[in-house]
Amino acid sequence: MKKIINAPEDFSSETVEGILYAHPDRLKALDGDLQILVRADDVKKGKVSIVTGGGSGHLPVFLGYVGKGMLDGCAVGNVFASPSANKMFKMIKGCDNGAGVLCLYGNYGGDNMNFDMACELSDMEDIKTMQIRVSDDVASATLQEKKKRRAVAGLVYAWKIAGAAADMMLPIEEVAEITRHALENLRSMGVALTPCIVPMAGKPTFSIGDDEMEVGMGIHGEPGIEVRKKMTANETVRVLMDKITEDMPLFAGNEVAVMVNGLGGTPLEELYICYREVFDYLARIGVVIYSKYIGEFATSMEMAGMSISILKMDDRLKMFLDYEANTPFFTNANR
Amino acid sequence: MKKIINAPEDFSSETVEGILYAHPDRLKALDGDLQILVRADDVKKGKVSIVTGGGSGHLPVFLGYVGKGMLDGCAVGNVFASPSANKMFKMIKGCDNGAGVLCLYGNYGGDNMNFDMACELSDMEDIKTMQIRVSDDVASATLQEKKKRRAVAGLVYAWKIAGAAADMMLPIEEVAEITRHALENLRSMGVALTPCIVPMAGKPTFSIGDDEMEVGMGIHGEPGIEVRKKMTANETVRVLMDKITEDMPLFAGNEVAVMVNGLGGTPLEELYICYREVFDYLARIGVVIYSKYIGEFATSMEMAGMSISILKMDDRLKMFLDYEANTPFFTNANR
Amino acid sequence: MDKLKLQNIKEIFAKISSTMDDNKDLLVELDSKAGDGDLGISMSAGFRAVINSDAMEKNNIRKFLMSAGMAVNEASPSSLGTIIFIGMIGGAKRLGDIEEIDARDAGNFFLGSAEAVMEKTGSKPSEKTILDSIIPAAQSLINSEKDLLESFADAYEAARQGMLATKEMKAVHGRAAYYQEKSIGFQDGGATVGMLIFESIYKYLQNQ
Amino acid sequence: MDKLKLQNIKEIFAKISSTMDDNKDLLVELDSKAGDGDLGISMSAGFRAVINSDAMEKNNIRKFLMSAGMAVNEASPSSLGTIIFIGMIGGAKRLGDIEEIDARDAGNFFLGSAEAVMEKTGSKPSEKTILDSIIPAAQSLINSEKDLLESFADAYEAARQGMLATKEMKAVHGRAAYYQEKSIGFQDGGATVGMLIFESIYKYLQNQ
Ligand SMILES: Nc1ncnc2c1ncn2[C@@H]1O[C@H](COP(=O)(O)OP(=O)(O)O)[C@@H](O)[C@H]1O
Ligand SMILES: Nc1ncnc2c1ncn2[C@@H]1O[C@H](COP(=O)(O)OP(=O)(O)O)[C@@H](O)[C@H]1O
Ligand SMILES: [Mg+2]
Ligand SMILES: [Mg+2]
Ligand SMILES: [Mg+2]
Ligand SMILES: [Mg+2]
């Protein structure tokens, strides 16, 4: 296990400690609980709160997006494991500004169940909550069963849009509405070349041949659509883009935001080589790239691979996407 | 070879094409030459130019730092190979604003020779150049032979300081002076856990046991000080920090800037776990962290490992470090 | 003994905890077939947390079960921990404030648990989950005319049969669902946990 | 033939290019012992670039050598490409504007090359580099009283001896320097390139 860690069981808590040491002006642990991270800077009074939660091992997802114009809080689980309902509840309570709390998280069994319970607990204390689950991964279920799809890097767009809407002081119903609108126009898909190792388990999440790639892989190593012989970067991008545009047709003149996301072990060079083909692919069908993120935004520790997310834009979404976001891990100040 | 690439020989040029597709408002290829990247945005008239050059495979190093408050141009070589003197010369000429050009690059044989020749060619055309070589890697030679040391992630601090000084419109002699002053107070050292693969070679740059780490590794896979049995994150940090502080003593009350840099294949979680121990280490000796960068700043493609850089601060350096920097790959807007 | 008091229930949780420890490897193996292989670790940690939590200080069955559920949720880093938590809250609500539990009450607790899980997660019997061992056992308890020990002997057997039946089922929930048809042929790890819970209670009662 | 004209020199570069192609694997192997193993690829690419470059259109020896040097620098992605470039510029400057080259001129060209490299990179003879085969050959040419072919036969032999002598030397420059004492015992790749250049010229002359 080629990791620079201390005791495997301390992986998540030491990561959070490191983050709190580094960014004490931006993030804090609620009541000292390392599983409950909230903003340490000034949050606008009366603003709708946007919160999330999920397992560790995906930095900058999840807690890296807590900050201005994005999230207000995050419940942090162990590696690839949901935080408990109780932690989520405390986090929701700690973030509430009286305008309601939107729980915006990835569609994974454990997180779904725990957020359901946490919202029930919140309800008992008269905290208004809403839930929206992100299901952007086209590889994980058919379009008919879209609700079953899991989340991948598209989460970042969901938080970006919702976070901006909340920071503009929109009421929770409108924040939810624009977020749902964004999610309807969002699709992602990825490939994995190598597995990663959960520190406590100490062995790879799956096995794959040296000349193979897993097409449609989830960020915890969930199986994808098929294992294929290795393809070139251009072929890989075309397979992903074909599947995405089959699910959400794009036409000449459409504008999109593009994210080419590295899963943790893939060099930035390769992501730009992929972006090059995404650009050409979209140019061939006359689609205009309005904005792009290229880098590591949602990872699986040291997994090699990448995912593409496409958000179909309109004038409303542009306003929210362009709105300032600033967290210790993410900013659009240099885009 | 688990890479998402097309033909190995196109790796560097396709990377640059992807970057130019993505950031046409920020970067351009001089006369369409993909090996010569310069700023596409407005550069202050009469400003000293800061330029660099080096091989591909280290993103964001080198060309990722071309932008406001950092570099004006970069000559791009093949993977781990110096660009030619002629490309450097054209790049220098293209960047000159009449106030002189500071060539600020890593101390590597090929780059040194080519920049020497490029500066001669520049001289023949009456372009004023100065050269400063970065030698921050304490593992690569003794303190007595400091000039022989190679460069690692400390390059980023060198560009940050020089770029700020130039953007403040200081004359070239003063830019060079403050840069040298920063370099005197800069030390780095790293460890590698896995090799990387140069696309054209198709095989690992070195071999290392499954339970070993190479202490003091260079960013092209140059041998370090010793191969050791794998250590915990805390032990690893202490080995690096001991060596750095032996070379450049730090005393209670000193202030430092800290960079914990991932080499490409190491998850961000692990970098924060390392930062946690850097923080504790410095706290134990009473040293104050003035600023920190934690992430991937100078990589070796998919190599697993990390390096620590320490810049000892004073009031002058603070001013330059805090100055705005904004490139498509780097900003201090969210630090 | 024909009724379980709070103290017995606390002791039963201690027994369940040691059973999960003993079966850690088996559960890991079952969960590895069509899952991520953490079930053994998760159950062992979840139930150990109960006996080290402040639940043990509660002096009322409902409160004990609720905080025991919270403890499982907190400490077991996987889905079944959450499902057991949901079940324990639902079951405890169904029991209400009760001082002692007989076989029928126990059956109601487990049925209430299963119903809460079904309501919250949308799962149903025959979908290769813990429900497939818990529900038959709960029904057996509710319909039992025998004494406590014998009732739980029957329930244990019903849970075991339910567990074995999962071999033929296709997974619909959790990670196993990704394996679709390939999940057929393997016994479900969660259903095995259900069986182990009844095994623990039965063995505890045998020693009284 | 007792003097080389521009056309001969161009043909010699074609010969060097094919020699480097033929010895690609050998050079890779030598450079792998205490380096990064790219020397064969780099030399093959560097000299092939010359014969495909606009240097071939130059009508003057000095200009040809200068732009041939630039072509090597551009196309060969490693240190020796740059060193050869530096050498060729330095050597060409030493020759000045000359129409034909005899053995002594050739010796001066190579010595000028070596001196430029020493001046710019700080290397010296006996430091396990290309200098160790080039300098003895250059000196042999300068002191030669024989005809062109025999002079180059001697120079080739001197280069070969110089190359063999690098086995005993400790590397001071480039990547090999990291290997320190461990570099002793292996023949230097760069010195081998120097020998191959003289082998190419000699063989070219033999066929005239
Ligand atoms: N919706 C559900 N309802 C009931 N049981 C479920 C449900 N989803 C999963 N399970 C049970 O959980 C078990 C897997 O648990 P666990 O290993 O904790 O999950 P994971 O590691 O995937 O989070 C399955 O064997 C199944 O019995
Ligand atoms: N300063 C120097 N002067 C002369 N020759 C040198 C010098 N440095 C390196 N060399 C030669 O270059 C050879 C290595 O070349 P090459 O493989 O192109 O370098 P690298 O791959 O390390 O950039 C060595 O075998 C040595 O002969
Ligand atoms: Mg599991
Ligand atoms: Mg799990
Ligand atoms: Mg080499
Ligand atoms: Mg090389």
Side-chain angles (χ1 to χ4, degrees), chain A residues 8-9 11-12 33 35 54-57 75-90 108-121 124 137 139-141 145 147-148 150 195-196 198 200-207 214 216-218 220-225, chain C residues 28 31-32 34-42 44-46 49 53-55 66-90 93 116-123 127 129-130 171-183 190:
Chain A
E9 56 272 26
F11 180 87
S12 301
D33 187 333
Q35 292 195 276
S56 295
V76 182
N78 275 316
V79 177
F80 295 0
S82 174
S84 70
N86 194 33
K87 302 284 183 196
M88 291 175 176
F89 163 61
K90 287 182 183 163
Y108 285 95
D111 298 315
N112 295 350
M113 293 186 285
N114 282 311
F115 263 116
D116 277 347
M117 295 300 283
C119 288
E120 269 189 32
L121 294 172
M124 281 160 54
D137 184 354
S140 52
E145 296 195 301
K147 281 199 148 178
K148 283 201 181 174
R150 60 197 171 216
C196 59
V198 175
M200 289 271 270
K203 57 180 189 357
T205 42
F206 62 95
S207 67
E214 175 87 49
M217 166 76 31
H220 308 95
E222 297 90 343
I225 297 179
Chain C
V28 163
D31 192 41
S32 299
D36 58 355
D38 59 0
L39 191 57
I41 298 152
S42 173
S44 158
S53 75
D54 56 6
M66 286 207 155
S67 37
M70 301 275 261
V72 173
N73 185 215
E74 203 83 32
S76 106
S78 75
S79 305
L80 198 57
T82 311
I83 288 163
I84 290 174
F85 157 60
I86 293 174
M88 286 175 70
I89 303 285
K93 280 189 190 157
V117 170
M118 291 192 279
E119 190 207 309
K120 292 261 184 305
T121 75
S123 55
E127 290 178 342
T129 70
I130 189 171
V172 194
H173 297 281
R175 287 168 211 272
Y178 294 120
Y179 294 84
Q180 302 266 2
E181 309 296 329
K182 277 179 258 172
S183 66

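We name chains A, B, ... by the order of the sequence lines, and we start the count at 1 in each one.
To the nearest 0.5 angstrom, C:Ser79 atom OG is 13.5 Å from C:Phe85 atom CZ.
Among A:Gly110, A:Ala141, A:Ala85, A:Gly77, the residue with the largest count of heavy-atom pairs under 4.5 Å with chain C is A:Ala85. Counting heavy-atom pairs closer than 4.5 Å to chain C, the top-ranked of the candidates A:Gln35, A:Arg150, A:His220, A:Lys148 is A:Arg150.
With contacts defined as side-chain heavy-atom distances shorter than 4.5 Å, the pair A:Ser84/C:Thr82 does not qualify.
Proximity to chain C involves both the backbone and the side chain of A:Asn86, based on heavy atoms less than 4.5 angstrom apart. Looking at A:Met117, only its side chain comes within 4.5 Å of chain C, counting heavy atoms on both sides. Only the side chain of C:Ile89 comes within contact range of chain A, with heavy atoms under 4.5 Å apart. Interface remark: A:Ala201 contributes no atoms to any contact with chain C (heavy atom separation under 4.5 Å).
For the side-chain contact (heavy atoms from CB on, under 4.5 Å) with C:Ser123, the qualifying choice from C:Val117, C:Ile83, C:Ile130 is C:Val117, the only one to do so.
Using modelled atom types, one finds a donor on one side chain and an acceptor on the other under 3.5 Å when comparing C:Asn73 with A:Asn114.
Heavy atoms only, all atoms of each residue included: A:Phe89 and A:Ala118 are closest at N-CB, 3.7 Å.
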